[in-house]
Amino acid sequence: MQSELVVVANRLPVDRVTMSDGTSGWRKSPGGLVSALEPVLRRQDGVWVGWPGGTESGLEPFEDDGLHLVPVSLSAQEVEEFYEGFANATLWPLYHDVVAKPEFHREWWDSYQSINRRFAQRCAEVAAEGGTVWVQDYQLQLVPAMLRELRPDLRIGFYLHIPFPPSELFQQLPWRRQILEGLLGADLVGFQTPAAAQNFVRLVRQRVGHRTQRSQVHLPDGRTVHAAAYPISIDYAGFEELARSESVNQRAKEIRQMLGDPAKIFLGVDRLDYTKGIYARLRAYGELVREGEIDVEDSVFIQVAVPSREQVEQYRLLRDEIDRLVGRLNGDLGQIGRPAIAYLHSSYPREEMAAMYRAADVMVVTPYRDGMNLVAKEYVACRFEDDGALVLSEFAGAAEELRQAWLVNPYDLNGMKSAFLEAFRASPKERSRRMRAMRRQVSRNDVAAWAARFLTDLADVGAGRGHDLNGA
Ligand code: G6P
């Protein structure tokens with residue numbers, strides 16, 4: 001099977017899980033990348049190359065719910081060194097403003113190279129002559145150059161879903177030059193924000209010494225690589241439709257009832273990740289309750305924390321810290337049947353998430369650094385009555401588009417407390433003015449528009465029609 005369009009990401013959209021009865025099955029993979037790309041690939045009829053989770057080997061290409069999936073297996077040691085190690089204990093913290101300290105280990109780097117080669121080889125096998133391969137995210141930054149070597153006929157795009165750090169931080173990476181050269185194998189390198197694209201172009205000039213001109217990098221062999229911003233989005237219409245359905249609204253009512261019909265529900269939904277600012281946000285909310293500004297009799301904070309990267313030490317430490325904080329806040333501030341925080345360490349299907357978004361009066365998204373944050377956009381899509389309030393970190397990519405949110409600096413606890421109160425007390429008129437503007441923004445810039453823009457630009461630059469793209 002050879003395909004005109006190949007999407008390659010570290011993860012397949014489904015994750016191999018072992019059920020309680022010992023049999024294996026599939027579950028939707030966590031995170032924003034999968035939520036965004038799944039509807040795109042459905043429309044395009046391409047194939048998706050990725051790791052199915054776990055360490056099972058010998059899985060054959062298969063179809064799941066109409067998607068053509070090509071699994072790439074990892075051994076237990078490779079999961080440890082490539083996925084938990086280099087991807088998530090080196091690159092992830094380094095690219096997120098060193099919110100946690102990145103670890104640099106040479107064996108992890110070796111594994112990163114060999115797994116990137118495996119992904120590149122798999123893509124080379126399944127891409128049709130002259131086809132397009134769209135490489136995704138920080139786990140696969142060497143794939144573009146490796147693939148170009150194997151298949152110079154292909155059009156290669158790369159998209160980074162997470163932030164690209166300023167050069168002061170990126171320079172720490174012992175393998176900085178190899179990563180930049182890996183990315184330069186692409187014809188088009190896409191980022192969430194113009195600042196990220198500029199960081200990349202500047203680094204290429206400084207570290208690799210290529211001539212650059214705004215969004216273009218000129219390579220000595222005559223090839224031009226383009227770098228630009230393509231802020232990712234969601235399936236807006238799909239979310240809104242779900243939010244309007246009878247069953248979701250019924251479920252939203254049930255959720256409110258189960259919580260004792262509070263006047264106001266605050267909601268946080270995140271992978272349990274130290275970049276997300278969950279601890280600080282719950283602390284800020286706890287202080288407001290302690291100070292009597294918010295009363296547990298009529299308010300509750302629902303925090304959904306989706307389990308993530310549980311074998312990585314920083315994630316385990318974070319889980320314990322949040323468990324302790326929630327226990328303390330509920331012990332000190334809660335009453336019978338009235339917790340201050342309703343804490344759910346679990347993942348939920350889209351329908352249940354839509355019901356929570358419908359039930360929530362104030363959505364709280366306060367990462368220290370985030371490429372985009374699609375939860376903020378999903379909330380907006382679900383508020384079709386133009387109500388509800390969004391508190392959003394300035395350090396999420398989404399803040400560049402959702403200017404009418406209550407924007408906060410998550411490092412500023414008092415600032416966050418004031419924003420919670422303002423959002424909580426804002427008049428219906430004020431909330432609807434802000435929500436209407438944000439809904440317009442997301443509805444006009446949905447994920448289909450994002451993919452179409454990237455793929456059209458990729459086709460243009462691949463065909464040598466390389467005008468100066470936006471963003472750098
Ligand atoms: C973020 C990353 C994705 C990643 C997802 C879930 O959205 O950008 O590349 O797949 O988190 O993380 P995980 O480590 O479970 O794949």
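Each ligand, and each atom within it, is numbered from 1 in the order the structure gives. Note: hydrogens, waters and symmetry copies are ignored here, and every other heavy atom, side chains too, is used. Just so it is clear, the model here is predicted, and its values are computed rather than measured.
- Judged as a ring pair (Phe, Tyr, Trp, His ring centres under 6.0 Å), the pairs with a partner in residues 182-205 (not counting sequence neighbours) are, in order, Phe164-Phe191, Phe164-Phe200, Phe191-Phe200.
- Protein residues with a heavy atom under 4.0 Å from ligand 1 are Arg11, Pro30, Gly31, Gly32, Leu33, Tyr83, Asn88, Asp137, Tyr138, Gln139, His161, Ile162, Arg271, Arg309.
- A salt bridge links Arg11 with Asp15: the closest approach of a Lys/Arg side-chain nitrogen to an acidic carboxylate oxygen falls below 4.0 angstrom.
- Under the 6.0 Å distance and 45° angle rule, Arg244 counts as a cation-pi partner of Phe384.
- A salt bridge is defined here as a Lys NZ or Arg NE, NH1 or NH2 lying under 4.0 Å from an Asp or Glu carboxylate O, and Arg251 with Glu351 fails to meet this definition.
- Distance check, rounded to the nearest 0.5 Å: OG of Ser167 to CG of Leu203 gives 5.0 Å.
- Taking the six-membered ring where the residue is Trp, Phe266 and Phe420 present tilted rings, their angle falling between 30° and 60°.
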